[in-house]
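When a ligand or atom number is given, it counts from 1 through the structure's own listing order.
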Amino acid sequence: MGPCRFDQLTPELQAIATDKFTFQNWAKTFKCTPELLFEPTTEEQVQKAVLLAKSLNKPLKAFGCGHSPSDLACSPGFMINIDKMDNLLSVDVKTCRATVQAGMSLHKLHKVLRENGLALSNLGSISDQSVAGVMATASHGTGAEYGCLSTMIVDLTLITADGSILFCSPTENVNVFEAARCSLGALGIITRMTLQAEPDFRLEAIQKPYKFSDVLNDWDNVIHSAQHARVWWYPHTDDCVVWRANRTTKEISRTGPSFLMERFYGFHTYQAMLNVTRYSTRLIPYLTKLMFNTLHSQPVNMVDVSNKVFNFDCLFPQYVNEWAIDWKDAPDALRKLDKFINENDLKVHFPVEIRFVDQDDVWLSPAYGRKTCYIGVIMYRPYGKPVPYKKYWKAYEDIMREYNGRPHWAKAHGQTRKDLEASYPKFNEFLRVRQQLDPTGMFLNDYLRRHVISPGKETASRL
Ligand SMILES: Cc1cc2nc3c(=O)[nH]c(=O)nc-3n(C[C@H](O)[C@H](O)[C@H](O)COP(=O)(O)OP(=O)(O)OC[C@H]3O[C@@H](n4cnc5c(N)ncnc54)[C@H](O)[C@@H]3O)c2cc1C
């Protein structure tokens, strides 16, 4: 089957299609040029795009805002983006539930929820992503008693490979619901979701420096020391910062380093210095210590509406890797990582970000069936001369595997179907639902074939 040309489309499809589009993810690590991009505004238009792909036997891949650091959302065939389907459909303030079109961004979701006195109970570091995108990868925030974002889904609707509209919930099309709460985009185009929120709230966040060894020795208490706790460890040092946030009725306020200081020093000066360390990596530990002393010598205290406290600036371009392990194993795993870095004279950038997620029953959630600690490592990714990070990544992934680690689906990793089958009890049930809904593989792409579908050999991490 040759490429499908724009001028072969019906006028109806031409109105929502373009053949001049290159998709690139946020980190600029992957890109692809699909034959056609569809940007529907209605479910009927989504159905038409699906039926066209079906009739021409073309792959059709949905993407949200392209924030996945891997090639999870890429496809050389047809692509579809439902950003224009971003309306609030209904809200029930009594049950704190809202039904939205799945192309809505999290930023807009916060706004429409707040207008109705509601807010999401937990969030990750940013809110640029689409609702469909965060749910497709079981994106997460932090909080011992709070599950990943997919646990907030009450019901959802998707357009499947035969063009039909399928509603699913815990009581209707139950297996599809369980699979589609974290679907990797492999089951169909998700067009709407009902989400469980809670009454709008403010958070008070307090950020304080600690000795990392003390935190590891007092692990359980640290995890439970706030509704939402996270740790940033500065490798090459025994320093870390613990961020704790709790619901509050206090007035909006902020103390600690000024925004200017954080922005100027924490971003521009730090980035300039990181550039210098590209030519002399032995300076990295000194830079880490300097940044810790400058930015974290005094506690930071902030009260604001919940989403503003949950979200952070993700400042500079970076390579990221993030896996989930049982939180009781995390101190051992982190000590091993520290040992590897020191014994192998690796020079790595900070921070290592450590977050906690309650166990859930979402089939493909990395927190399925166990209380989870996400450990995220980063390396600065300058333009031009690359920084060496692969030895760090390999050691990190090997340690995560020792603890039956599950990689964040959105991030590049080296797990194969065999590994994933072994660590997800419901993995094969997910594959059965996928096969039923999409027997010809319309929604598959290289990422899914490489990691999820092919029985194949171990794959190297793609970054
Ligand atoms: C700066 C930054 C900060 C981040 N912070 C966090 C964090 O704190 N916690 C965390 O867990 N993750 C985090 N992530 C990862 C991010 O949440 C995920 O990559 C998320 O999937 C991105 O959503 P998106 O809308 O960009 O989706 P995309 O990356 O565009 O797509 C992701 C997946 O969703 C599928 N998809 C998109 N739309 C649909 C649809 N309508 N129907 C079916 N499938 C669909 C795609 O096919 C793909 O499989 C971060 C990423 C970045 C770049």
Side-chain angles (χ1 to χ4, degrees), residues 23-30 32 38-40 43 46 49-50 59-75 79-86 100-107 109 122-142 147-150 156-160 179-193 228 230 310-320 322-324 353 355 357 364-367 372 374 376 378 381 407-412 437-438 442-448 451-452:
F23 170 84
Q24 185 167 53
N25 68 346
W26 177 86
K28 298 195 169 59
T29 45
F30 290 94
C32 60
F38 296 98
E39 295 175 281
E43 280 176 345
V46 176
V50 167
L60 176 68
K61 190 77 197 138
F63 67 96
C65 80
H67 267 51
S68 295
S70 65
D71 56 341
L72 176 63
C74 289
S75 171
M79 292 186 81
I80 185 163
N81 176 266
I82 64 159
D83 277 8
K84 291 178 184 157
M85 296 170 63
D86 70 342
V100 298
Q101 289 185 306
M104 182 181 277
S105 71
L106 289 181
H107 283 302
L109 179 63
N122 200 3
L123 265 184
S125 307
I126 55 164
S127 290
D128 302 304
Q129 311 97 309
S130 64
V131 169
V134 285
M135 302 304 176
T137 58
S139 287
H140 65 94
T142 193
C148 70
L149 299 196
S150 298
L156 60 83
T157 300
L158 67 164
I159 315 281
T160 57
R181 285 200 284 168
C182 171
S183 74
L184 312 179
L187 306 183
I189 313 302
I190 295 177
T191 52
R192 48 174 87 191
M193 284 185 190
H228 306 275
R230 77 209 296 161
F310 281 131
N311 283 174
F312 287 86
D313 264 353
C314 291
L315 295 169
F316 39 78
Q318 48 194 248
Y319 297 108
V320 289
E322 189 183 32
W323 288 47
E353 185 173 33
R355 290 182 277 181
V357 178
L364 286 198
S365 160
T372 288
Y374 270 94
I378 63 154
R381 189 174 56 78
H408 191 310
W409 290 110
K411 304 188 179 175
L437 293 179
D438 182 19
M442 178 188 296
F443 303 117
L444 296 182
N445 65 356
D446 280 356
Y447 173 105
L448 291 168
H451 297 293
V452 176

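- Looking at T157, I82, L156, V100 one by one, the single match for side chain to side chain contact (heavy atoms under 4.5 Å, CB included) with R192 turns out to be T157.
- Contact atoms of ligand 1 toward H67: 19 (O), 22 (C), 26 (O), 29 (O), 51 (C), 52 (C), 53 (C) (distance under 4.0 Å to a heavy atom of the residue).
- Looking at G64 next to ligand 1, an N or O pair under 3.5 Å apart turns up.
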Let me see the working for N311 and S127 under side-chain hydrogen bond (donor to acceptor under 3.5 Å, both in side chains), right down to the final yes or no. CA-CA 7 Å; N311 283 174; S127 290; 2.6 Å; yes
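- One N or O on the side chain of N25 and one on the backbone of F30 form a donor-acceptor pair closer than 3.5 Å.
- Residues satisfying the side-chain hydrogen bond (donor to acceptor under 3.5 Å, both in side chains) test with Y447, not counting sequence neighbours, are H413.
- Atoms of ligand 1 found under 4.0 Å from any heavy atom of G66, numbered from 1 in the order shown, are 26 (O), 28 (P), 29 (O), 30 (O).
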* To do: Before giving the answer on side chain to side chain contact (heavy atoms under 4.5 Å, CB included), spell out for H408 and V320 the whole-Å C-alpha distance, their side-chain angles and the decisive distance to 0.1 Å.
  => CA-CA 10 Å; H408 191 310; V320 289; over 6 Å; no
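- Residue C65 has at least one nitrogen or oxygen atom sitting less than 3.5 Å from a nitrogen or oxygen atom of ligand 1, judged on distance alone.
- The distance from ligand 1 to the heavy atoms of I189 drops below 4.0 Å at these ligand atoms: 42 (N).
- At under 3.5 Å, not a single nitrogen or oxygen of S183, backbone or side chain, sits near a nitrogen or oxygen of ligand 1.
- Taking the six-membered ring where tryptophan is involved, the planes of H67 and W26 are tilted, since the angle between them lies from 30° to 60°.
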**Item:** Y319 and I378: CA distance, side-chain angles, deciding distance, side chain to side chain contact (heavy atoms under 4.5 Å, CB included) verdict
**Value:** CA-CA 5 Å; Y319 297 108; I378 63 154; over 6 Å; no
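- By the 3.5 Å distance cut-off applied to N or O atoms, L184 is counted among the residues near ligand 1.
- Applying the salt bridge (charged side-chain N to carboxylate O under 4.0 Å, His left out) criterion to R230, with sequence neighbours excluded, gives E353.
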Side chain to side chain contact (heavy atoms under 4.5 Å, CB included) between M79 and C32, intermediate numbers included: CA-CA 10 Å; M79 292 186 81; C32 60; 3.8 Å; yes
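- The parts of I190 lying near ligand 1 are both backbone and side chain, judged by heavy-atom distances below 4.0 Å.
- Atoms of ligand 1 lying under 4.0 Å from any heavy atom of A136, numbered from 1 in the order shown and given with element: 33 (C), 34 (O), 35 (C).
- Rounding to the nearest 0.5 Å places CD of Q129 at 14.5 Å from CE of M104.
- Note that CG of D86 and NE2 of H107 are 13.5 Å apart. Values are rounded to the nearest 0.5 Å.
- The OG atom of S105 sits 8.0 Å away from atom CG of D83, with the distance rounded to the nearest 0.5 Å.
- At least one N or O atom of T137 sits closer than 3.5 Å to an N or O atom of ligand 1.
- When L448, N445, I126 are checked for heavy-atom proximity to atom 3 (C) of ligand 1, I126 turns out nearest.
- Residue A73 places no N or O, backbone or side chain, under 3.5 Å from any N or O of ligand 1.
- The K61 neighbourhood of ligand 1 comprises atoms 47 (O), with distances under 4.0 Å to a heavy atom of that residue.
- Counting heavy atoms under 4.0 Å from ligand 1, residue E322 does not touch it at all.
- For ligand 1, the atoms closer than 4.0 angstrom to any heavy atom of I82 are 41 (N).
- With rounding to the nearest 0.5 Å, the separation of OG in S365 from CE in M135 is 12.0 Å.
- Every atom of ligand 1 is numbered from 1 in the order shown, and the set under 4.0 Å from a heavy atom of A132 is 38 (N), 39 (C), 40 (C), 41 (N).
- The closest approach between G188 and ligand 1 falls below 4.0 Å for a heavy atom of the residue.
- The heavy atom nearest to atom 14 (N) of ligand 1, considering only Q129, M79, E353, H140, is found in Q129.
- Here is the list of ligand 1 atoms found below 4.0 Å of a heavy atom in A410: 18 (C), 19 (O).
- Between W26 and ligand 1, no N or O atom pair is found at a separation short of 3.5 Å.
- In this structure, R355 counts as a contact residue of ligand 1, since one of its heavy atoms falls inside 4.0 Å of the ligand.
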